[in-house]
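Reviewing the structure listed below.
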Amino acid sequence: MMHMTFYWSKQVTLLFDSWKTDSWTSYALSLLACLIVSIFYQFLENRRIRLKLLASGKQFPEEIQAPLIGRTINGSRAKLGVRVAGAVLFGLSSAIGYFLMLSVMSYNGGVFIAIVVGLAFGYLGFRSDGEDSAVVDSSCACA
């Protein structure tokens, strides 16, 4: 039976019928997976923002400059490559965001907390410095 309110239990079905937890070990591993995927989502968003800044040709804010990222894109093939990479990152980030949303819709309290904590840690680790100076559109309300 699908829950329509938050509940606290080690028995949860996430995303697929085959992903069911019935022990504390499988539940803890599922929560760890949710936490890691949430952090990875913020990492992908950070990469997408940096790529968008690179493609726009704007000066990188001092807070997010990285020595391995080039500062200019020359040639139409390079610009096309950056646009394709941006589209791939956007699609992957959107898919992961929707999977996280569907996981929260399992209404399990532990899954909800693991995802929110993962998003917060990911934001702290990857997106909290220098992002205020870069205005980027976002397709996801949870980003």
Side-chain angles (χ1 to χ4, degrees), residues 1-73 77-143:
M1 181 176 126
M2 185 173 165
H3 292 272
M4 297 305 289
T5 59
F6 278 102
Y7 70 100
W8 298 91
S9 173
K10 67 179 178 182
Q11 296 172 338
V12 63
T13 301
L14 283 176
L15 300 176
F16 311 105
D17 285 335
S18 59
W19 189 354
K20 292 182 180 181
T21 64
D22 56 358
S23 69
W24 286 110
T25 304
S26 62
Y27 183 63
L29 289 174
S30 294
L31 294 181
L32 181 64
C34 289
L35 183 86
I36 290 170
V37 170
S38 300
I39 293 171
F40 182 66
Y41 173 79
Q42 292 289 13
F43 172 76
L44 281 180
E45 282 295 304
N46 174 271
R47 295 295 118 182
R48 190 175 70 83
I49 289 168
R50 288 178 185 238
L51 188 65
K52 191 164 189 148
L53 283 172
L54 179 67
S56 71
K58 295 179 183 174
Q59 180 64 31
F60 274 65
E62 185 177 318
E63 299 90 2
I64 63 172
Q65 285 194 14
L68 298 178
I69 297 178
R71 299 295 185 259
T72 59
I73 302 287
R77 289 189 68 179
K79 289 183 181 182
L80 177 64
V82 168
R83 290 183 66 193
V84 168
V88 168
L89 280 175
F90 176 80
L92 187 59
S93 177
S94 295
I96 291 172
Y98 282 117
F99 277 134
L100 289 172
M101 177 198 63
L102 289 172
S103 296
V104 166
M105 289 178 63
S106 72
Y107 292 105
N108 183 278
V111 171
F112 174 75
I113 290 172
I115 289 174
V116 170
V117 168
L119 289 171
F121 281 164
Y123 183 86
L124 179 67
F126 299 112
R127 296 181 61 192
S128 63
D129 58 335
E131 195 167 309
D132 292 338
S133 57
V135 176
V136 178
D137 58 336
S138 176
S139 66
C140 182
C142 62

Inter-residue atom distance Leu119.CG - Arg127.CZ, 0.5 Å rounding = 9.5 Å
If you round to the nearest 0.5 Å, how far is CZ of Phe16 from CZ of Phe99?
-> 5.0 Å
Please report the shortest heavy-atom distance between Ser106 and Leu14, naming the atom on each side.
-> OG-CD2, 3.9 Å
Inter-residue atom distance Phe90.CZ - Glu45.CD, 0.5 Å rounding | 8.5 Å
Please list, one pair per line, the donor and acceptor atoms closer than 3.5 Å that link side chains of residues 22-39 to other protein atoms, with sequence neighbours excluded.
from, atom 1, to, atom 2, distance (Å)
Ser23, OG, Ser26, N, 3.2
Ser23, OG, Ser26, OG, 3.2
Ser26, OG, Asp22, N, 3.3
Ser26, OG, Ser23, N, 3.2
Ser26, OG, Ser23, O, 3.1
Tyr27, OH, Asn108, OD1, 2.6
Ser30, OG, Trp19, NE1, 2.9
Ser30, OG, Ser26, O, 2.9
Ser38, OG, Cys34, O, 2.8
Ser38, OG, Ile115, O, 3.4

Give the minimum heavy-atom separation between Phe126 and Gln42, together with the two atoms involved.
-> CB-O, 4.2 Å
Shortest non-hydrogen pair, Ser103 vs Val111, comes out as O-CG1, 3.5 Å
Between atom CG of Asn46 and atom CG of Leu89, what is the distance when rounded to the nearest 0.5 Å?
-> 10.5 Å
Donor-acceptor pair, Thr21 side chain versus Val12 backbone, under 3.5 Å?
-> yes
Between Tyr7 and Tyr107, is the gap from one ring center to the other below 6.0 Å?
-> no
